[in-house]
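Proteins come first, then strands; the chains are lettered A, B, ... in the order of their sequence lines, and each starts at number 1.
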Amino acid sequence: MGDPVAGYTSRIQQQELEIHSLTAELESLKNPQGLGLSSHLDGLREENAKLKYRLNVLKRSLQEERSQCSKTMMNINQRLQEIFGEAIREACPDLENPPLAVTPNQQAKFGDYQCNSAMAMAQMMKSKGLKVNPRQIAENIQQNIPDNELIEKTEIAGPGFINVHLKRSFVSKLLTNLLLNGVQPPSLESKKKVVVDFSSPNIAKEMHVGHLRSTIIGDSMCRLFEFLGYDVLRLNHVGDWGTQFGMLIAHLQDKFPNYLTVSPPIGDLQAFYKESKKRFDEEEDFKKRAYQCVVKLQSKDPAFIKGWNLICDVSRNEFQKVYNCLDIQIIERGESFYQEKMTAVVKEFEAKGLVEMDEGRKIVFAPGQQIPLTVVKSDGGYTYDTSDLAALRHRLFDEKADIIIYVTDSGQGTHFQVVFAAAQMIGWYDPNVTRVEHAGFGVVLGEDKKKFKTRSGDTVRLMDLLDEGLKRSMEKLKEKDRDKVLSTEDLTKAQRSVAFGCIKYADLSHNRINDYVFSFDKMLDDRGNTAAYLLYAFTRIRSIARLANIDEAALRKAAETTEVLLEHDKEWKLGKCLLRFPEILQKILDDLLLHTLCDYLYELATTFTEFYDSCYCIEKDRQTGEVVKVNMWRMLLCDATAAIMAKGFDILGINPVSRM
Amino acid sequence: LASLQMADPLTLFTSIGLSEQKAKETLKNDALCSALKDAIAQAQRVLGAAGVDKATGTLLYTMTSRLRDPKRLGFLTDHIAQRKICTELQLAAALEFVKSHPQDPINQQEFESLCGVGVVITPEQIEDKIYCTSDVCLYCDPVPSQVLHLLGPKTEADLEKKPKVTFHTAQHREIKIEGRSLMDELRGVALNFHKPGENYKTEGYVVTPKTMDLLKQHLEFTGGQIRTRFPPEPNGILHIGHAKAINFNFGYAKANDGICYLRYDDTNPEKEEEKYFTAIKDMVEWLGYKPYEITHASDNFQRLYDLAVDLIRRGHAYVCHQRGEELKGHNPPPSPWRERPAEESLVLFDRMRRGLFAEGEATVRMKIVMEDGKMDPVAYRIKYTAHHRTGDAWCIYPTYDYTHCLCDSIENITHSLCTKEFQARRSSYFWLCNALDVYCPVQWEYGRLNLTYTVVSKRKIIKLVEEGTVRDWDDPRLFTLTALRRRGFPSEAINNFCAKVGVTVAQATMEPHMLESCVRDVLNDHAPRAMAVLEPLKVTIANLPEGIRNDVRVPDFPANEFMGSHVVPFTRTIFIEQSDFREKGYKRLTPDQPVGLRHAGYVISVQKVIKDAQGRVVELEVHCCSSNEASEKPKAFIHWVSEPQKCEIRLYERLFLHKNPEDPSEVPGGFLSDINPNSLQVIDSALVDISVSKAKVFDKFQFERVGYFALDPDSTADKLVFNRTVTLKEDPGKM
């Protein structure tokens with residue numbers, strides 16, 4: 001690549017030339033004779049004009065790209081935030097991190113969205129000793145709103161609200177795009193890798209309602225990430241390692257001595273577990289043998305591994321039944337997977353001098369955390385702390401995850417906070433770059449608001465609960481005489497759809513952080529914010545086009561040729577509601593609270609009902625019942641509503657049926 | 001057979017009866033030579049090597065030299081070899097037939113019937129027929145009756161003597177002052193032009209599988225009407241050369257009941273200014289034409305863009321990143337981007353539109369080699385400049401090469417008339433329309449009109465204005481149309497001049513006096529007479545009482561008194577030209593010789609010559625008598641004014657001393673060094689009779705015995721300013 005000295009020489013020569021010409025220019029500036037002060041000036045002015053022109057072209061292209069070129073759905077709220085963000089920066093360039101608040105308006109008279117930043121900005125200024133009327137700030141913001149593709153007009157109301165009215169043509173165009181492209185995710189900056197750790201029951205133990213919550217919530221989060229275009233790894237962090245396996249294998253050896261050749265018929269693992277536990281507690285000899293079994297297992301003795309696998313398989317089969325009912329895809333990667341890796345993790349902490357000895361235990365204190373992590377027990381064994389650290393490390397470095405979510409009950413919140421703090425301390429990740437989060441949830445209560453138990457006081461077996469759901473759902477369908485209308489096949493489909501849909505929806509529609517009351521009566525009610533209501537509403541919307549004899553192809557054609565008119569208030573309201581879908585998803589992406597999506601779907605269904613009650617989609621002859629007129633743009637609105645609802649159901653893991 | 005085929009072409013050609021001279025000429029034309037070889041080989045296959053006799057050979061030669069569509073060569077050769085076509089006339093009909101039926105399949109029956117295949121005619125039959133057919137037939141071989149039938153009965157048009165189209169050349173040309181009218185000329189030229197919808201009959205027109213359908217649609221749209229356009233770039237003022245284009249385009253449409261658009265070719269955003277748009281329209285209207293519609297190339301920017309996308313998609317254009325400098329000079333390197341996939345170009349073209357490239361970083365180029373060897377002309381380039389009409393909507397602008405033919409196509413132009421320089425762009429014109437499968441108009445070229453003793457280029461006129469040599473673009477010494485109007489040239493005269501120049505292919509270089517002669521012709525009939533004295537000499541009529549004031553009636557056109565008259569006062573004090581009095585030896589006024597006063601009916605004789613201290617004549621005292629009373633008829637009549645109005649008069653001569661001021665061999669110092677110092681002479685206190693006091697700007701008069709004048713826009717209520725349009729007679733010194 002040439003001689004570096006020559007390169008530097010020529011650079012210096014160029015710089016010297018530059019100095020000469022600047023010196024000459026300075027001289028000529030001192031002597032202000034003649035008009036040709038700088039011969040470059042005209043050239044520079046022209047260049048500047050061209051650059052400005054190009055800037056304008058580029059800005060417009062950006063807008064164009066946002067509204068047309070991409071198939072992605074636009075997040076209107078986000079776009080408005082960008083616009084107002086720019087306007088606020090222009091209006092108050094001196095204010096650092098000014099608050100940016102744009103929300104949809106519930107009342108039509110205040111416009112479609114509103115920006116409420118002016119009040120908070122006035123507060124900020126006040127704290128700096130500047131007294132400015134928020135209304136004036138609002139006016140200033142309003143004047144600085146940049147050229148854009150979606151705002152029809154803005155007006156200032158009250159103390160400084162800026163009400164935003166959207167362009168009807170713009171909303172109509174977005175709806176057409178929605179119809180033509182289908183429900184597409186909003187655009188993604190980059191394709192990130194997400195690990196969701198959910199469900200995670202313990203081998204040889206029964207799955208309980210707590211696992212049900214984790215499974216339902218975790219699955220829905222995965223579905224959301226997947227729809228948004230992320231690369232999602234669904235992990236089932238099962239409890240498949242530890243001392244209990246010594247006792248189980250010892251008991252297995254006693255009960256089924258030929259387990260290595262003949263598969264033992266362990267139907268009820270729960271009972272098997274109880275038996276071994278009893279012996280462990282009562283028989284000293286058995287206890288000793290159990291510990292020996294643990295050592296054998298950890299040394300990977302094939303006979304013991306085989307026994308371990310047999311026990312795990314029994315559990316897996318049980319779990320899979322639940323997963324099949326709920327349509328859950330998940331990869332099992334239990335504690336045993338991280339067994340080898342834990343040693344390395346402990347060494348790494350020791351090497352960095354982060355390990356303290358405490359009465360024979362090795363503990364790690366993370367900054368800001370009261371409780372230390374125990375990475376090695378006094379007997380040399382590892383703990384949940386160790387395996388969770390090893391799992392986190394593996395997910396960060398081997399899976400190269402950008403986002404890691406743990407879906408467990410809120411009771412484990414503190415534990416995870418300490419694990420995350422320790423991982424940051426050792427430098428595994430930077431929370432500003434990698435998002436590692438515990439998405440906790442409350443406990444499930446019975447209708448008596450007490451811990452969810454069977455009448456006999458036992459924990460409720462999940463399969464029993466699901467069967468109960470199927471039974472209740474069929475009762476409900478029969479109550480509505482659906483068995484007389486639907487074929488057996490359709491009836492069974494509807495039964496499963498309603499039963500599992502309702503169980504999931506009941507869980508997801510409540511803020512996960514709160515405890516929630518499990519009630520079949522409530523979840524199967526077809527009024528109110530329930531899956532039953534939404535599923536009925538959805539099938540009804542889908543039947544509108546069918547009853548008017550308009551097939552998919554005709555709707556598709558209409559979407560290409562018919563403008564979605566939004567002249568009626570209810571059309572306008574529905575249209576805007578439909579387009580809020582991306583901003584709802586964006587919000588969930590931030591807070592992982594899926595009930596927002598349920599609330600939105602419920603709002604959409606009721607908004608649709610309002611529309612359907614006041615706008616004729618099909619006009620029929622009163623006498624003959626013949627279709628006289630089809631208002632195609634309204635059929636398109638029905639179609640768009642169905643599309644958004646379907647995608648919403650899909651994210652919630654609910655499987656709607658075409659007839660019910 | 002083999003030996004003949006192997007023989008050299010010269011032997012081959014003479015063997016079929018061509019003279020050696022003709023055979024040698026044929027060899028020089030590669031295309032003809034190879035076509036003829038093919039035809040002979042094919043005829044020999046039918047007839048055997050010796051079978052191609054002189055008659056057949058001559059027909060083959062005529063056929064190959066006149067056939068334009070090579071795919072019909074075999075077809076016609078067969079007919080000649082089989083003696084189905086055995087006369088020149090049959091051949092002419094056959095050639096006409098294939099020209100009119102460019103698409104397969106040929107209806108054999110129709111063809112044979114129209115070409116008179118199989119018809120034998122006896123000399124007696126010919127004798128019967130020969131006197132009642134068109135004179136064309138007199139020169140012919142035996143005429144098949146079907147051909148006569150085809151020619152139809154004699155029409156009035158046949159009887160009328162056909163005006164002969166004069167093909168002028170720059171070297172030796174003859175201008176007939178008593179020429180035909182412009183409309184006649186245009187109808188005359190029209191003889192060469194194709195009829196609307198028959199574009200394919202034009203030499204060089206390219207027929208594609210879509211052509212006939214497109215022509216059909218075109219005809220349905222236009223209803224067979226002639227459509228032309230005058231397409232100036234709105235970046236300068238029109239000059240005398242444009243007058244020809246305006247006359248040709250508007251005139252041809254007008255003469256043939258067609259329509260003509262005024263289309264501003266405003267694809268270049270950097271040069272356009274509002275003033276040019278209005279000035280162009282004014283000038284078109286001044287010449288007496290009304291555009292059917294005023295259009296702009298920029299009206300079609302979106303359409304043109306969509307077509308460019310289509311062109312790229314069809315693989316006929318690509319985005320190129322060669323720099324402007326790389327493409328300068330002879331044989332620039334071919335573009336390395338030429339074969340990039342269309343999808344890639346489409347993406348890049350969209351990025352060009354969206355401002356993702358800097359100026360010069362990307363262009364769209366069409367995959368065609370032009371007549372002059374220029375490879376892949378540019379269709380679109382980036383310019384970060386606002387456009388006069390589309391504002392900031394675009395940052396890519398189409399080029400002339402890309403825009404022109406497509407705008408013609410969009411407007412369904414039938415005859416795209418342009419000057420001869422554009423001949424090199426004709427093939428790309430046809431190519432582009434065909435590459436996009438859009439209607440393809442026919443480009444017809446005509447010779448440019450140049451004038452000697454002037455410059456017309458925008459840049460040079462700007463220089464003259466900057467140097468202060470002329471006042472502005474409309475300085476009457478220039479040959480811009482605004483200048484000519486200001487100088488008083490009637491538009492009619494300019495149109496007549498264009499008609500005389502003729503609408504021919506050859507370039508015409510004319511001298512200004514030709515134009516001036518046209519001006520005189522018009523002004524003689526249309527400029528009313530008035531009297532003005534440029535260098536006044538006061539004359540006091542001693543025998544008239546003080547205060548007397550007679551009205552003298554002056555006819556506006558002495559040759560035709562019915563065309564009106566005006567009245568001027570006649571008082572004791574009158575003014576005459578200083579040059580009309582000399583102290584001796586003169587045929588006008590001298591102390592010894594009386595002279596008549598025009599229109600006044602008086603004859604004056606000098607009584608006293610009053611001089612100033614320097615001995616200059618400052619006043620005359622005369623005696624006057626009625627011309628009836630005068631002893632003898634005066635030898636001369638002079639003009640005069642009384643109670644006149646003062647005015648400024650500007651006299652113009654040629655701006656340049658040499659015929660071709662731009663020619664460095666004639667004017668080595670450049671055109672600025674060739675300015676005629678006497679090109680403008682201002683007389684600021686001339687006297688004019690009061691009949692002109694109500695004149696409006698550009699009103700034209702003949703100041704008797706002085707010349708033709710027009711009122712200049714510089715005139716104020718207090719002071720009239722007149723430009724001398726032309727002198728009364730051509731100055732022999734100026735020839």
Side-chain angles (χ1 to χ4, degrees), chain A residues 14 34-36 39-72 74 79 82-83 86 90 144-151 167 169-170 173-174 176-177 180-181 184 187-191 560-561 563, chain B residues 235 266-274 298 301-302 304-306 308-309 312-313 319 321 323-325 342-364 380-398 459 462 466:
Chain A
Q14 270 176 17
L35 295 164
S39 55
H40 302 317
L41 191 59
D42 281 344
L44 289 172
R45 278 198 177 129
E46 194 182 318
E47 199 184 325
N48 186 247
K50 280 179 180 288
L51 285 171
K52 279 185 180 160
Y53 190 85
R54 187 175 175 192
L55 183 68
N56 186 32
V57 171
L58 283 168
K59 274 188 182 165
R60 212 173 38 222
S61 316
L62 208 63
Q63 268 186 23
E64 189 186 325
E65 199 156 296
R66 279 199 187 104
S67 58
Q68 286 171 9
C69 287
S70 61
K71 284 191 167 184
T72 60
M74 181 196 255
R79 178 72 189 114
E82 283 168 21
I83 290 167
E86 203 176 322
E90 287 287 323
N144 281 292
I145 293 173
D147 268 357
N148 64 78
E149 69 283 17
L150 73 170
I151 298 177
K167 281 184 189 163
S169 59
F170 177 78
K173 175 92 185 103
L174 287 191
T176 299
N177 285 354
L180 292 177
N181 302 326
Q184 299 288 340
S187 60
L188 201 63
E189 275 171 39
S190 61
K191 189 173 172 155
E560 281 166 15
T561 52
E563 187 193 347
Chain B
N235 65 354
D266 57 353
T267 55
N268 194 346
E270 278 156 6
K271 297 179 181 169
E272 288 137 20
E273 283 179 53
E274 176 66 35
S298 58
F301 275 175
Q302 183 61 47
L304 293 168
Y305 175 81
D306 295 342
V309 169
I312 295 173
R313 194 175 287 135
V319 172
H321 307 288
R323 294 295 190 154
E325 354 10 308
E343 296 74 38
E344 190 175 299
S345 283
L346 284 173
V347 170
L348 294 170
F349 186 38
D350 189 52
R351 290 192 188 159
M352 283 170 67
R353 180 184 63 83
R354 289 190 291 127
L356 272 70
F357 289 103
E359 281 188 8
E361 276 181 357
T363 56
V364 172
Y380 268 90
R381 67 268 203 240
I382 299 166
K383 279 177 195 260
Y384 291 111
T385 308
H387 185 276
H388 175 73
R389 295 189 77 244
T390 58
D392 64 358
W394 296 93
C395 66
I396 50 170
Y397 292 99
R459 204 169 37 80
I462 286 177
E466 279 172 0

Given B:Tyr384, which of A:Arg54, A:Lys50, A:Glu47 fulfils the side chain to side chain donor-acceptor pair (under 3.5 Å) condition?
A:Arg54
Heavy-atom proximity to chain A below 4.5 Å, by part of B:Ile382:
neither
Tell me, side chain or backbone of B:Ala358 under 4.5 Å from chain A's heavy atoms, or both, or neither?
both
Can you tell me if A:Asp147 has over 12 outside heavy atoms packed within less than 6.0 Å of its CG?
no
Shortest non-hydrogen contact from A:Leu58 to B:Arg354?
CD2-O, 3.4 Å
Closest heavy-atom pair and its distance - B:Trp394, A:Tyr53:
O-OH, 2.6 Å
Hits for side-chain contact (heavy atoms from CB on, under 4.5 Å) against B:Asp306, two or more places apart or cross-chain, chain-then-number order -> B:Gln302
Quick one: pull up CZ in B:Arg351 and OG in A:Ser61 and give me the separation to the nearest 0.5 Å.
11.5 Å
